[in-house]
Each structure stands twice: as structure tokens, then as C-alpha cells.
Amino acid sequence: MNADAILIKIEEDARQTAERMLSDAHAKVNALKAASREKIEEMHAAMLQKATADAAELEQRMLRMASLDERKALLVQKRDLIDQAFAKARALLTGADATTRRTFFLSQVVNHANGDEVLFVGETAADWFDDAFLSDANRALAAQGKAGSLSLAPERLPTCEGVVLKARGAETHCTFDAILSDLRPELEQQVAAMLFDVV
């Protein structure tokens, strides 16, 4: 074989090898592109699915928070209405005529006194108090078997409406505010039931 033929043969083999290598490289590039595309699509689908799940969870959380805020606002409104109901009850009590209030405070003293306390009268709306109140209270206490020896304090209690019994360092408040405060825990349920139709 002559040198030219050998060179042509080598050149032909080299060209075929280069074409094969180029073809293999193109095939690998296309396979890598396809694999990358598939991986990107999988990642995109997974991210979309996660974003959808996160959005649904966030929506549920926001709905729960909105519902909670709504319930809180409703509770505040209900509390305000209950406060108004008790304020109205207090206004009705304080607005009663002097004779009714005298009878009420006399019954409170008789129910709560041992009979030997000092009686302090509040200076607010004290038109119900008269000279016979102390003797009437002592007589009613004695009729119940109590001491019946209440004494009247010389001074009036400022900003107080009703009476306060003091003995041995203890005080018993027979005032509208104290009575409503004592009764409120047990009455609130009934007031709420009347106002909001709850069971």
C-alpha cells in the first residue's frame, strides 16, 4: 500500500471516529437536556404542590384567626352589654324613692349585722336616712336574737351610698355597689341568658 492510500485511510478513520464521537456527544447532550428538563418539571410540580398546600394552610390559619378575632369582638360587645345592664340595675336601685331605699338598707343592716357594730352612713343620696333608722335597726336585730346595740358614727362616709358596718377591724359594706358586686358572679349567667338567648 502506498503512502497516499495510507494517509487517506487514516484520514477516513479519523473522520469517522470524529463523527462518531460528535454523534455520541450530541446524544449525551440531548439525554442530559431531557433529564434536566424532566428534573426541572418534577421540581416545578413539587414546588407548585407545596405552594398550593402552604397557601391552603395559610388560608385556613387566616380564617381561624379572623374567626377568633370575630369571637373576641363579640365577647367584648356582650361584656359591654352586660356592664350596661348592671349599670341600669344600679341606676334603678339608686333612683328608687327614699322610703324604698330606707327599707332596703334596713333589711341589709339586719341581715348582715351582729348587733354591736358602729353604723356609718354614706353621704351620697342619704335622703332615706332619718332619726328613727338606728332604733328601728336595733329593734329588728333584737327581734332576731342579736345584740341590738348598733351605734351611729358621727361622720358620714364620702362618696358612699348606703351604710357600712364596722366592728373589731372588719367592715361590712351594705351599699348598692357592694351588693351588686357580690351578686354579679351568680347573676351574670342569668343576665347573659336574657340578653343573648343562651342556655
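Below, all heavy atoms of this structure are taken into account, side chains as well, without hydrogens, waters or symmetry copies.
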Backbone N/O of [Y] and side chain of [X]: donor-acceptor pair under 3.5 Å:
X	Y	result
D127	A98	no
H112	Q108	yes
K166	F120	no
E171	G169	no
S67	L63	no
S181	D177	no
S23	E19	no

### Flag side-chain contact, heavy atom, 4.5 Å: T172 against E117
no

### Query
Are the side chains of M43 and I40 in touch, meaning some heavy atoms are under 4.5 Å apart?
no

### Query
Are the charged groups of D83 and K88 less than 4.0 angstrom apart, N to O?
no

### Task
Take the angle between the ring planes of F133 and W128 and call it parallel below 30°, perpendicular above 60°, tilted in between.
perpendicular

### Query
Would T100 and D97 satisfy side-chain hydrogen bond (donor to acceptor under 3.5 Å, both in side chains), going step by step from the backbone distance to the final call?
CA-CA 6 Å; T100 302; D97 62 77; 3.0 Å; yes

